[in-house]
Amino acid sequence: MNLMRTELDFSSEPALTPNTDPYALAKALSGRHLIGGKLVPASSGNSFEVIDPATGTVIGYGAEGDEADVNAAVEDAAAAQKEWGKMRARDRGALIHKCGEVLMDHVEELGRLIALETGKALRTESRVEASILADAFLFHAGLASELKGETVPHHPDMLTITVREPVGVVGAIIPWNVPLLLMALKIAPALVAGNTVVVKSAEEAPLTVLRVCQILASVLPAGCFNMLSGYGPECGAPLVAHPKVGKITFTGSVETGKIVYKTAADKLIPVTLELGGKSPMIVMKDADIDKAIGGAVTGMRFTRQGQSCTAASRMFVHADVHDEFVAKLREQVDAMVMGDPLDEKTDIGTIISPEQFAKVKSYIDHGKGEAGAEAIECSAMPTDEKFKDGLFVQPVVFLGMTNDSKLAREEIFGPVTCVIKWTDEEEVLAAANDSDYGLAATVWTNDLKAALNFTEKLQAGFVQVNQNLVVQPGLSYGGVKQSGIGKEATLEAMLEHFTKKKTIIFNKT
Ligand code: NAI
Ligand code: MG
């Protein structure tokens with residue numbers, strides 16, 4: 001049953017004790033931003049619906065932020081930054097560590113809420129994301145004492161040093177596919193480095209992000225970070241344009257990333273952009289095929305319906321092992337259970353929104369119409385009547401495609417992959433690099449020379465051999481070409497993207 005706006009209760013804030021009833025929690029969080037440590041409705045009083053994509057029912061509302069809310073959040077963050085930036089770095093680190101510990105206590109709650117809100121299966125995706133969120137805070141907490149400058153041997157008559165200073169207020173704009181992890185990779189390093197942050201959640205998934213922010217607000221001084229929900233042009237754009245925002249970190253589409261970059265250019269502020277991908281997976285004929293299949297299933301993020309910027313959506317498989325690879329891939333994906341995201345038995349949930357659903361379907365239809373293409377539809381649609389309006393899409397493995405086909409060139413962000421046959425090493429390398437994107441790549445071989453050749457020449461920011469790990473704290477993450485600018489998840493990324501370097505020279509004479 002749809003939750004109605006009239007059922008919302010703004011008289012109190014949801015309790016901080018973990019609540020594993022995601023419906024109750026979604027309702028209790030509805031219609032608010034977090035500003036100054038408090039959950040507050042949008043200044044306009046407007047809100048937008050949050051849908052459970054598995055059933056199509058309204059489970060909550062996001063506060064519809066606009067310029068007035070942005071102004072309030074940024075002013076508050078700017079005021080809070082004065083104290084936060086002056087705190088001993090290790091004391092800030094200790095608070096961020098505390099955030100990680102408290103978030104650990106909420107893994108089940110957050111996993112269930114994000115599963116309801118985004119349709120990602122609890123066991124395979126949502127619970128995992130909630131625990132990586134907590135871990136990302138623990139990791140970044142430890143970087144606090146590394147906010148060091150240098151002594152520079154410039155001249156014996158001068159003592160020359162550099163110091164790292166916070167940039168001030170950071171604007172963080174996040175998408176809906178892995179909102180918890182992606183927000184953690186932005187706000188934890190920004191806070192540790194002495195900045196305060198204003199987070200703008202994606203309109204498809206505002207509630208779990210808000211819950212995380214409410215939890216963080218119980219640990220951190222008020223205003224250290226504020227959270228707004230709302231539409232991109234109405235709420236995201238004024239955040240980027242605000243004169244007191246000194247840095248933007250963004251994850252999302254290439255199109256929106258370029259809009260953000262242009263506004264930031266007008267203000268001459270730095271940006272980090274983590275955009276899309278069309279990641280190649282290259283399987284050599286000597287590869288351990290069973291291992292490669294495991295990597296293909298994880299790499300393509302079938303459990304996340306392929307809604308991943310690093311999805312291995314171009315699988316280049318050597319002709320000699322092509323048929324075996326396809327048969328085994330099909331067998332594995334067929335065995336995956338699609339259904340209720342909150343059910344422990346479920347491997348695959350739903351697409352996030354009707355818009356993304358239509359986009360994914362149109363790519364599948366286009367692929368089916370391509371000359372020479374064969375579509376293998378895997379797994380099975382859920383049969384429960386409850387899910388008749390759910391945004392479920394059967395994973396599709398396309399055969400007979402070339403690297404020039406639309407499906408191999410454009411980011412689909414759905415459970416759709418192309419298996420492309422190859423025979424010549426230099427040709428497959430050229431095809432893998434013939435893409436607008438350059439985020440991730442994997443190579444599957446036991447031939448050391450070939451592995452070295454590929455890893456050296458592949459144009460991508462995150463390259464793996466014989467495995468397909470997802471992004472982890474401590475591993476530099478970010479793309480080249482249209483996949484973005486800047487890196488995340490390491491000490492260097494924190495220093496480079498969330499501090500300004502100042503040179504100070506003392507004349508000794
Ligand atoms: P989007 O890039 O439009 O949205 C991402 C975030 O940017 C959201 O918070 C949105 O509200 C905000 N935004 C939108 N317009 C803005 C503006 N003018 N100024 C400031 N912020 C703005 O992505 P969308 O529409 O959700 O998805 C479209 C496609 O983008 C997907 O199909 C996928 O291909 C790609 N995408 C890539 C992601 C990645 O992880 N790199 C994540 C999400 C989407
Ligand atoms: Mg958009």
Side-chain angles (χ1 to χ4, degrees), residues 3 8-10 12-42 47-53 58-63 65 73 96 98-120 122 125-137 172 174-188 191 197-220 222 224-230 341-342 352:
L3 176 74
L8 303 185
D9 172 14
F10 291 97
S12 62
E13 296 198 354
L16 276 161
T17 40
N19 181 350
T20 51
D21 175 354
Y23 297 92
L25 196 52
K27 180 182 171 193
L29 289 162
S30 277
R32 331 221 212 167
H33 302 306
L34 178 100
I35 301 177
K38 297 213 155 40
L39 296 181
V40 293
S47 61
F48 57 90
E49 293 177 347
V50 181
I51 310 286
D52 164 12
V58 178
I59 50 142
Y61 295 86
I96 298 301
K98 177 85 182 144
C99 289
E101 286 173 345
V102 177
L103 288 170
M104 272 303 175
D105 297 337
H106 286 263
V107 165
E108 190 61 23
E109 163 198 275
L110 295 170
R112 293 179 71 78
L113 186 58
I114 197 82
L116 177 66
E117 189 177 27
T118 65
K120 294 191 299 183
L122 178 61
E125 286 288 334
S126 292
R127 193 183 282 126
V128 181
E129 185 187 354
S131 67
I132 302 179
L133 159 82
D135 186 50
F137 275 82
I174 57 172
W176 42 263
N177 58 332
V178 246
L180 308 187
L181 169 62
L182 297 173
M183 92 189 254
L185 294 181
K186 297 181 185 324
I187 68 179
L191 287 170
V197 186
V198 177
V199 186
K200 203 311 254 154
S201 61
E203 40 276 58
E204 296 81 0
L207 298 174
T208 318
V209 169
L210 180 62
R211 179 61 166 174
V212 171
C213 292
Q214 191 205 3
I215 295 164
L216 297 179
S218 70
V219 178
L220 299 171
C224 270
F225 71 93
N226 292 320
M227 182 260 172
L228 303 170
S229 51
L342 284 162
I352 183 81

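Given the structure is predicted, the values throughout are model-derived calculations rather than measurements. Heavy atoms only: backbone and side chains are in, while hydrogens, waters and symmetry mates are out.
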If you look at every heavy atom in [X] and [Y], which pair is closest and at what distance?
{"X": "Leu34", "Y": "Phe225", "result": "CD2-O, 3.7 Å"}
{"X": "Gly31", "Y": "Phe10", "result": "O-CE2, 3.6 Å"}
{"X": "Leu16", "Y": "His106", "result": "O-CE1, 3.0 Å"}
{"X": "Leu207", "Y": "Ser30", "result": "CD2-CA, 4.2 Å"}
{"X": "Leu216", "Y": "Leu103", "result": "CD2-CD1, 3.9 Å"}

Report the distance from atom [atom1] of [X] to atom [atom2] of [Y], rounding to the nearest 0.5 Å.
{"X": "Leu8", "Y": "Leu3", "atom1": "CG", "atom2": "CG", "value": "5.5 Å"}
{"X": "Ser201", "Y": "Leu182", "atom1": "OG", "atom2": "CG", "value": "13.0 Å"}
{"X": "Leu39", "Y": "Gln214", "atom1": "CG", "atom2": "CD", "value": "5.0 Å"}
{"X": "Leu122", "Y": "Leu116", "atom1": "CG", "atom2": "CG", "value": "11.0 Å"}
{"X": "Asp105", "Y": "Leu110", "atom1": "CG", "atom2": "CG", "value": "10.5 Å"}
{"X": "Phe137", "Y": "Ile215", "atom1": "CZ", "atom2": "CD1", "value": "10.0 Å"}

**Complete:** So salt bridge (Lys or Arg N to Asp or Glu O under 4.0 Å) across residues 198-208, not counting sequence neighbours, yields Lys200-Glu203

**Asked** Applying salt bridge (Lys or Arg N to Asp or Glu O under 4.0 Å), which residue pairs with at least one partner in residues 207-217 are found, sequence neighbours left out?
**Response** Glu109-Arg211

**Message:** Keeping Lys27 on the side-chain end and Asp9 on the backbone end, is there a donor-acceptor pair under 3.5 Å?
**Reply:** no

**Request:** Could you tell me whether the side chain of Arg112 and the main chain of Pro22 form a donor-acceptor pair under 3.5 Å?
**Result:** no

**Item:** Residue list, side-chain contact (heavy atoms from CB on, under 4.5 Å) with Ser131, at least two apart or on another chain
**Value:** Val107

**Pairing residues for Ala24 by the side-chain contact (heavy atoms from CB on, under 4.5 Å) criterion, not counting sequence neighbours** = Asn19, Asp21

**Item:** Result of checking Ile114, Leu133, Leu113 against Val212 for side-chain contact (heavy atoms from CB on, under 4.5 Å)
**Value:** Leu133

**Complete:** Those residues at least two apart in sequence (or on a different chain) that pass side-chain hydrogen bond (donor to acceptor under 3.5 Å, both in side chains) with Asp52 are Thr55

**Counterpart residues, side-chain hydrogen bond (donor to acceptor under 3.5 Å, both in side chains), relative to Ser229 (two or more places apart)** = none

